Amino acid sequence: KAASRGGPSHLSSDPRYEAMKQIMFQEEPRQLPKLTEEDLERHQTILRAVEVMRMEDRRKRRLERERKFAAMEAAYEALEAADPRLYKAACIKENNVVFPRQMRVPTETPAKKIWDYLE
Amino acid sequence: MNTAVSRMFGLGRLGSQALRANALKRRLQSTYTRPATGVNAAYDEALKILEAYKVKKVAEAEAAAESLKRAQESGENAEKIAELKKKWFDLAVESEIKDSEVLWNARNGKFDLSRPVYQYLKEKAWLARPLEVLMQRLLQMFVLPDLLDPRIVGTPEAQLNIAMSGESAIEPGVAIDPSKAREQLDIELVTFHEDTRLHTLVMVDLDEPFEEQQTFREQFHWVVSNLPFAMNQTKADIGAGNVLLPYIPPHPAKGTPTHRYAVVALEQPDNGQQRIDSADVSRDMVLRDFVAQHNLRTVGISFFRASWDESVDSVYREILNMPPPSYGQMPVPDTSIGPDGRKIN
């Protein structure tokens with residue numbers, strides 16, 4: 001009817017429009033919490049502390065990783081000094097290496113039940 | 001728990017809103033007041049974490065200071081000492097930069113420059129916005145290619161603040177009434193090195209009309225050498241320097257386009273230790289030549305603009321002792337009027 005009069009076609013009786021309006025406007029829009037100066041300061045301090053915590057964790061993990069890698073390198077160097085034949089054998093890169101499924105990559109926070117492969 | 005988390009997620013925008021709303025209140029506060037504990041458990045834990053981090057970093061900084069002292073006493077080479085000094089400085093900054101009080105002071109312009117963290121934050125504040133604005137204005141109004149080679153200047157190391165007739169520092173490039181600059185300008189050079197270095201201050205008019213060649217050229221308005229500046233000595237003490245060219249206020253002639261007046265702080269040779277007690281300076285010099293002649297280094301630059309107004313005429317009459325010039329178009333003869341003054345048909 002409105003379309004024939006030359007108006008926009010969406011004024012026709014499509015129940016979805018009413019439903020959409022109801023869904024959008026039935027609740028009051030969410031208000032941002034109003035923080036006092038003190039609360040804002042606390043909020044920013046908390047975020048800074050979280051940043052510091054994450055930085056420290058990353059630093060610890062990086063140092064541990066570097067320590068392990070350095071130990072591996074030292075082991076290789078010791079082997080090279082001790083026995084060149086064994087060293088060369090150790091340096092061979094094997095293709096298509098296959099590992100048992102149980103030898104999974106260790107994680108820092110493993111699940112309580114790793115994998116029940118019997119069931 | 002969920003409400004707390006959802007609150008935190010919505011607070012990115014709120015942070016800036018609250019800051020703007022409370023900006024005036026904060027500016028009226030003279031010292032930092034720590035928020036009360038016991039209200040927010042996460043905040044109390046955060047304080048503990050930050051304190052533990054600070055203690056750790058302070059210990060590291062002290063160790064670095066010890067090794068620096070040992071290196072200085074045992075007479076190590078300058079490079080190694082500089083490296084150790086930088087390491088100590090970085091640790092000293094890191095130990096205090098997470099502190100709420102320090103950050104509040106920095107936000108409100110209270111810098112206690114005896115502590116490394118404030119030195120770092122002050123320089124960071126300069127680099128954040130004032131330097132960007134200065135560079136934009138310098139390049140936009142062509143002060144840099146016209147006055148000095150921008151490839152050599154790069155970005156100025158120090159912040160040069162121009163203040164006139166008792167007011168606060170002007171924004172670089174702002175157009176002012178020439179009457180404001182009638183008296184000597186108050187120059188402040190905020191440097192970020194601890195030792196005292198000598199600088200030469202030059203004020204140049206970039207757009208002085210040069211009738212002979214129908215163009216514009218530079219004119220020196222003020223040259224002062226041997227001005228000491230350091231981190232804790234930022235105001236220019238003209239009495240302590242050598243005035244090589246006394247101050248002449250800006251005198252943009254009537255009919256000329258807006259003049260640009262640049263103030264340049266040049267560090268004297270040998271890291272600012274060499275004195276320049278006398279120099280062959282005239283008003284009609286070019287800054288590039290002056291800098292090359294005395295082997296100076298540009299560390300700070302700023303400028304303002306001015307156009308003619310009635311007060312400029314008094315500068316011409318009283319200080320320059322010449323009649324105030326007035327530039328304009330050559331009068332075009334009206335071809336419809338004959339030599340007898342009557343209209344030609």
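Note that the structure is a prediction, hence the values are computed from the model and not measured.
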Problem - Side chain proximity check, A:Met55 to B:Tyr53, heavy atoms < 4.5 angstrom - result: yes

Practice task
State whether the side chain of A:Arg48 and the backbone N or O of B:Lys98 hold a donor-acceptor pair below 3.5 Å, judged by distance alone.
Solution key: yes

Practice task
Report yes if some heavy atom in the side chain of B:Arg34 is under 4.5 Å from a heavy atom in the side chain of A:Glu41; otherwise report no.
Solution key: no

Completion exercise
The interface call for B:Ala36 against chain A, heavy-atom contacts under 4.5 Å, is both

Handout entry: Neighbour count above 12 (heavy atom, 6.0 Å) for A:Glu66 CD
Key = yes

Practice task
Would you indicate whether B:Glu194, at its atom CD, is surrounded by more than 12 heavy atoms from other residues, nucleotides or ligands within a distance under 6.0 Å?
Solution key: no

Exercise for the section: Take atom OH of B:Tyr120 as the centre, draw a 6.0 Å sphere, and report whether it contains more than 12 heavy atoms from other residues, nucleotides or ligands. Expected result: no

Exercise for the section: Any chance you could measure B:Ile49, atom CD1, to A:Thr45, atom OG1, to the nearest 0.5 Å? Expected result: 11.5 Å

Practice task
Determine, for B:Lys56 against A:Glu56, whether the closest basic-nitrogen to carboxylate-oxygen distance falls under 4.0 angstrom.
Solution key: yes

Practice task
Report the distance from atom CG of A:Asp39 to atom CG of B:Asn40, rounding to the nearest 0.5 Å.
Solution key: 7.5 Å

Practice task
Report the option among A:Met53, A:Glu38, A:Arg42 that has the most heavy-atom pairs separated by less than 4.5 Å from atoms of chain B.
Solution key: A:Arg42

Exercise for the section: Answer yes or no: are there more than 12 heavy-atom neighbours, outside A:Glu27 itself, under 6.0 Å from its atom CD? Expected result: no

Fill in the blank from the handout: When the 4.5 angstrom heavy-atom criterion is applied to B:Glu94 and chain A, the contacting part is side chain

